[in-house]
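A note on names: the letters A, B, ... follow the listed sequences, proteins ahead of strands, and every chain is numbered from 1.
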2 protein chains.
Amino acid sequence: MARTTGSHSGITGPKIRTAALELFAKHGFAAVSMRQIASEVGVQAGALYNYTPDKQSLLFDLMQSHMTELLAALPDEDAAQPLEMLEQFVRFHIAFHHERPEAVFIAYMELRNLTPENFALIEDLRGQYENRLQNILIAGQASGAWTVKDAKIATFAVIAMLTGVNTWFRSEGRLSLNEVQDQYWQMVRNAVGG
Amino acid sequence: MARTTGSHSGITGPKIRTAALELFAKHGFAAVSMRQIASEVGVQAGALYNYTPDKQSLLFDLMQSHMTELLAALPDEDAAQPLEMLEQFVRFHIAFHHERPEAVFIAYMELRNLTPENFALIEDLRGQYENRLQNILIAGQASGAWTVKDAKIATFAVIAMLTGVNTWFRSEGRLSLNEVQDQYWQMVRNAVGG
DNA sequence: CTTGGTTCTGAACGCTTGTTCATATAACAT
DNA sequence: ATGTTATATGAACAAGCGTTCAGAACCAAG
């Protein structure tokens, strides 16, 4: 036997990415085999190599796509006052990350499974994202919108705090996304002394 | 050949735990083989099974030890006013986690590689730790020491923020541990509205 | 209806995996 | 010095790994 009925590149390609995303998030990159991904897609392992040169590229593509989408979706920089921009950032980060828990999980947990070259590329994208927040914090320092001492530390603190939402928040739970955004915005605003 | 000169249980046992800790933290549980651990110890793979029934138990033991030590090292609960207790907690968390980056990393990243039973045990220990902070936050709410609305959310937010220190702080860097503790304490205190 | 290119199968490749076990030797107790 | 026990080796096991490739079957265009 060989090619099966209904097989098509435009379908199988995305299917592979979705299956890999879910499996990597659930079990970890190293613990997932190409045969498992193929089985999830409904195809033999060899067929995956029509769509990715190897397993490493599959991981890298998922992470790069995620980081690129994240940067592209970021609200405009110079649209408003520092306090508004910070609020925008907080609400954006929570909402965007809530919508793609698997990609977020992978982007944080699988860095060590990237080749050094790929790692550097992803770290650069992450740095760009962190810089956006850091610039907001610096702008607010300059304008006296808040009192936080070290913008770099505050950047790390805020991002860690916000990303932590993904570990516990579920939309079916006690709180709505909006309530969570409100409470985190209050905590972030207080934390920077705004 | 067989048993080598100088071989001793009291030496090899800890060596295995140390090697496993470092390798798991660096490459991930699934990506590390028993042969790699053995090689790090200077022994053949079969010898490891004099010290652990299997690879899974090795991971679980490391995680359980870490969580147990964490709980045992926690400062006393009813020793002071809420504000002092919260400050104590913040400084303790940062210092304790800074001293054992590998164990912390593993305890957060390798949860999905535990069997369901082992996972439940570790999650219970983690829950106990989080409860200690939550109780402090509730006590402060009751006494009016601060204004934070939802103690559960604040617990998650503070722990995520504090644990994030490990991703960037190095003692050789620009800041001392004490300075970092000071700044994070200020941010946490502000965040809860204290 | 044929041709050509795309997408798949299924077998194979050399290697690595966690784990077991007979066997050998070092270390200790007597 | 002898006997016992603890601790190691090294080979073996079946299973699984990422990846390659010849050939088969599908799809679309002429």
Decide whether A/Arg17 and A/Thr52 meet the rule of one side-chain donor and one side-chain acceptor closer than 3.5 Å.
no

Does A/Arg174 come within less than 4.0 Å of B/Asp150, counting only side-chain N to carboxylate O?
yes

Is there a side-chain contact between B/Tyr51 and the phosphate of D/dA8, meaning an N or O under 4.0 Å from OP1 or OP2?
yes

Whole-Å distance separating the CG atom of A/Leu48 from the P atom of C/dT6
19 Å

Using a 4.0 Å heavy-atom cut-off, does B/Val32 contact any base of the nucleic acid, only the sugar-phosphate backbone, or nothing at all?
sugar-phosphate

Whole angstrom value for the distance that separates C1' of D/dG16 from CD1 of A/Ile37
15 Å

Over how many whole Å does the gap from A/Met34 atom CE to D/dT20 atom C1' extend?
12 Å

Using whole Å, what does the distance between atom P of nucleotide C/dC21 and atom CG of B/Asn50 come to?
13 Å

Rounded off to whole Å, could you give me the OH-to-P distance for the B/Tyr49 and C/dC21 pair?
13 Å

For a quick check under 3.5 Å, do A/Glu110 and A/Asn113 share a side-chain donor-acceptor pair by atom type?
yes

Could you give the CD-to-P distance, from B/Gln44 to D/dG10, as a whole number of Å?
6 Å

Has A/Thr12 got a side-chain N or O lying under 4.0 Å from the OP1 or OP2 atom of C/dT7?
no

Walking DNA chain D from its 5' end, the first of A/Gln36 and A/Ala47 to be reached, judged by nearest nucleotide, is A/Gln36

For C/dT16 and B/Ser33 - does any side-chain N or O of the residue sit under 4.0 Å from the phosphate oxygens OP1/OP2?
no

Would you say B/Gln186 and B/Asp182 are linked by a side-chain donor-acceptor pair, where the criterion is simply a distance under 3.5 Å?
no

Which of C/dT9, D/dT9, D/dT19 is nearest the side chain of A/Lys55? It is D/dT19

Using whole Å, what does the distance between atom P of nucleotide D/dC17 and atom CG of A/Asp54 come to?
17 Å

Base C/dG18 to side chain B/Arg35, donor-acceptor N/O within 3.5 Å cut-off
yes

Distance in angstrom units between B/Asn113 CG and C/dG18 P, rounded:
12 Å

Stepwise side-chain contact (heavy atoms from CB on, under 4.5 Å) check, A/Gln64 with A/Asn118:
CA-CA 9 Å; A/Gln64 193 184 36; A/Asn118 288 342; over 6 Å; no

